[in-house]
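Letters A, B, ... mirror the listed sequences (proteins, then strands); counts begin at 1.
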2 protein chains.
Amino acid sequence: MQAYWDDDPADVSINAICSMAEVSKPALYRVFGGEDGLNRAVLDRYAEQVLVDIFDILARGAPLEETLEALVHFASEDPKMATGCVFYKMRAGKHRLGPMTRGRVEEIYTGAVEAFTTYLEARRTVGDWRDDVAPRTAARYVVEQIGLALTQRAAGEAPNQVRDTLKLAVSAIQAT
Amino acid sequence: MQAYWDDDPADVSINAICSMAEVSKPALYRVFGGEDGLNRAVLDRYAEQVLVDIFDILARGAPLEETLEALVHFASEDPKMATGCVFYKMRAGKHRLGPMTRGRVEEIYTGAVEAFTTYLEARRTVGDWRDDVAPRTAARYVVEQIGLALTQRAAGEAPNQVRDTLKLAVSAIQAT
DNA sequence: ATTATTACGTACCGACTGGTATTTTATTGT
DNA sequence: ACAATAAAATACCAGTCGGTACGTAATAAT
């Protein structure tokens with residue numbers, strides 16, 4: 001997971017992982033079955049260890065401005081995400097993934113969109129959000145924008161430029 | 001160029017290119033010097049054949065709304081871009097590129113930001129654009145958003161979802 | 001016509017990929 | 001103590017990668 005986090009998953013070979021983890025290759029295959037199983041396991045672990053933070057932000061049910069602020073901070077400032085996000089990196093190379101990992105990626109994506117859609121619908125009933133944009137459209141939009149920001153960080157772009165872009169992006173769904 | 005356009009450049013090998021073009025590998029190496037030279041040549045050709053359209057839109061000096069509309073249409077509707085954009089695909093895998101190609105990618109990126117910055121500054125003097133966002137920040141923002149849209153198209157996402165996202169994104173710099 | 005030169009492609013190089021057959025090591029049963 | 005069994009690693013597989021040495025065919029010079 002750390003290797004996928006630091007580098008591009010597509011550039012980390014099974015051999016490299018084995019030597020990093022000081023594990024023989026057959027041992028890895030016994031446990032994970034193959035590359036697809038390993039990737040899936042990494043993604044599972046990453047989801048419950050890192051992505052949960054994003055879902056927590058939404059679950060707090062805070063006002064829109066506060067929530068967006070927290071998401072912007074997470075994606076563009078949190079040092080934990082300085083080298084990008086395993087999930088979005090895998091999603092970017094989706095066509096290279098095995099069936100299990102690809103399925104998990106899609107699952108996480110739709111889960112995120114769903115969670116944000118639910119959050120926005122709740123905010124709308126409280127009158128905290130404009131009603132000229134479909135919640136699901138806005139949800140997909142935010143998920144993509146966070147992905148863009150994290151991809152930019154992975155590419156080593158200047159953090160303040162990443163933040164500027166993301167702030168501008170989220171302002172689109174704040175406007176009355 | 002066509003192979004890079006249809007697929008991910010990282011997934012197209014020199015061998016595959018040679019057999020597609022019905023050219024021997026040494027011949028390709030004689031002409032282009034190697035993978036880096038080939039990539040650079042492809043990018044050069046792509047820039048003057050496709051990217052020029054984007055620069056043309058800016059050079060028209062049309063009102064902001066009209067220009068943004070044209071850019072949105074180009075990125076999310078033009079059938080020519082149905083499988084994404086060679087430039088953005090290469091930029092996404094920048095770390096895998098040789099020095100010449102990487103240099104050209106950065107050149108094109110800064111050129112695009114520059115062109116859009118100049119356009120926005122001109123629009124501001126005409127009073128056609130808000131003055132609470134730095135032109136360069138907005139320029140970088142738009143370049144990234146177009147890249148996101150083209151990346152989504154390359155990934156096979158539904159065109160109307162791509163358009164929705166991009167329209168929402170550009171609305172951020174239109175708001176008064 | 002014959003030689004010197006240039007263009008060109010076959011066949012190969014070492015490095016690396018994901019994945020496994022086979023052998024060695026450790027554990028268990030008696 | 002020794003045989004049977006389970007576990008684990010070494011050493012290998014075929015395939016692909018980018019890149020090139022070298023033999024061959026076409027051209028140019030004499």
Side-chain angles (χ1 to χ4, degrees), chain A residues 1-46 83-84 86-106 154, chain B residues 1-46 83-84 86-106 154:
Chain A
M1 185 182 84
Q2 197 61 47
Y4 285 175
W5 207 341
D6 294 339
D7 299 343
D8 187 329
D11 295 335
V12 181
S13 71
I14 299 268
N15 292 317
I17 291 170
C18 287
S19 76
M20 279 183 247
E22 294 182 77
V23 161
S24 78
K25 207 173 352 172
L28 186 145
Y29 275 84
R30 251 173 265 135
V31 173
F32 296 106
E35 195 171 30
D36 192 23
L38 173 68
N39 287 339
R40 195 211 140 98
V42 166
L43 192 49
D44 281 343
R45 191 180 189 79
Y46 185 79
T83 54
V86 173
F87 163 68
Y88 283 107
K89 284 177 181 183
M90 284 188 171
R91 197 171 90 105
K94 195 165 79 172
H95 60 281
R96 273 183 279 251
L97 298 176
M100 287 192 294
T101 313
R102 190 202 269 103
R104 193 83 184 87
V105 163
E106 281 159 9
Chain B
M1 186 182 84
Q2 197 60 47
Y4 285 175
W5 206 343
D6 294 338
D7 299 344
D8 187 329
D11 295 335
V12 180
S13 70
I14 299 268
N15 293 318
I17 291 170
C18 288
S19 75
M20 280 184 248
E22 294 182 77
V23 159
S24 78
K25 209 176 344 176
L28 187 145
Y29 275 83
R30 270 188 291 271
V31 173
F32 296 106
E35 195 171 31
D36 192 23
L38 173 67
N39 287 339
R40 195 211 140 97
V42 167
L43 192 49
D44 280 344
R45 190 179 190 79
Y46 185 79
T83 54
V86 172
F87 164 67
Y88 283 107
K89 284 178 182 183
M90 283 187 172
R91 198 170 90 106
K94 195 165 79 172
H95 60 282
R96 272 183 281 252
L97 298 176
M100 287 192 296
T101 314
R102 190 200 270 106
R104 193 82 184 88
V105 164
E106 282 160 7

CG on A/N39 to CZ on A/R104, rounded to 0.5 Å: 13.0 Å
Member of B/Y4, B/F87, B/W5 meeting the ring pair (Phe, Tyr, Trp, His ring centres under 6.0 Å) criterion with B/Y46: B/W5
Check whether any side-chain heavy atom of B/I14 sits under 4.5 Å from a side-chain heavy atom of B/Y29, and report yes or no. yes
Does a side-chain N or O from A/S13 land closer than 4.0 Å to OP1 or OP2 of C/dT17, or not? yes
On DNA chain D, compare the nucleotides closest to A/R30 and A/K25; which residue's is nearer the 5' end? A/R30
Does the pair B/H95 and A/D11 meet the rule for a side chain to side chain donor-acceptor pair (under 3.5 Å), with working shown? CA-CA 10 Å; B/H95 60 282; A/D11 295 335; 2.7 Å; yes
What is the distance, to the nearest angstrom, from the OH atom on A/Y29 to the C1' atom on C/dT20? 9 Å
Taking atom P of C/dG18 as reference, at what distance in whole Å does atom CG of A/D11 sit? 11 Å
Integer-rounded Å distance: C/dC8 P and B/E22 CD: 16 Å
Within this structure, what is the CG-to-C1' distance between B/L28 and D/dT20, rounded to whole angstrom? 13 Å
Check the distance between D/dG18's P and B/I14's CD1 and give it to me in whole angstrom. 5 Å
A/N15 CG to C/dT20 P, in whole Å, measures 14 Å
Rounded to whole Å, CZ of B/F32 lies from P of D/dG18 at a distance of 15 Å
Between P on D/dC17 and CG on B/D8, what's the gap in Å once rounded to a whole number? 14 Å
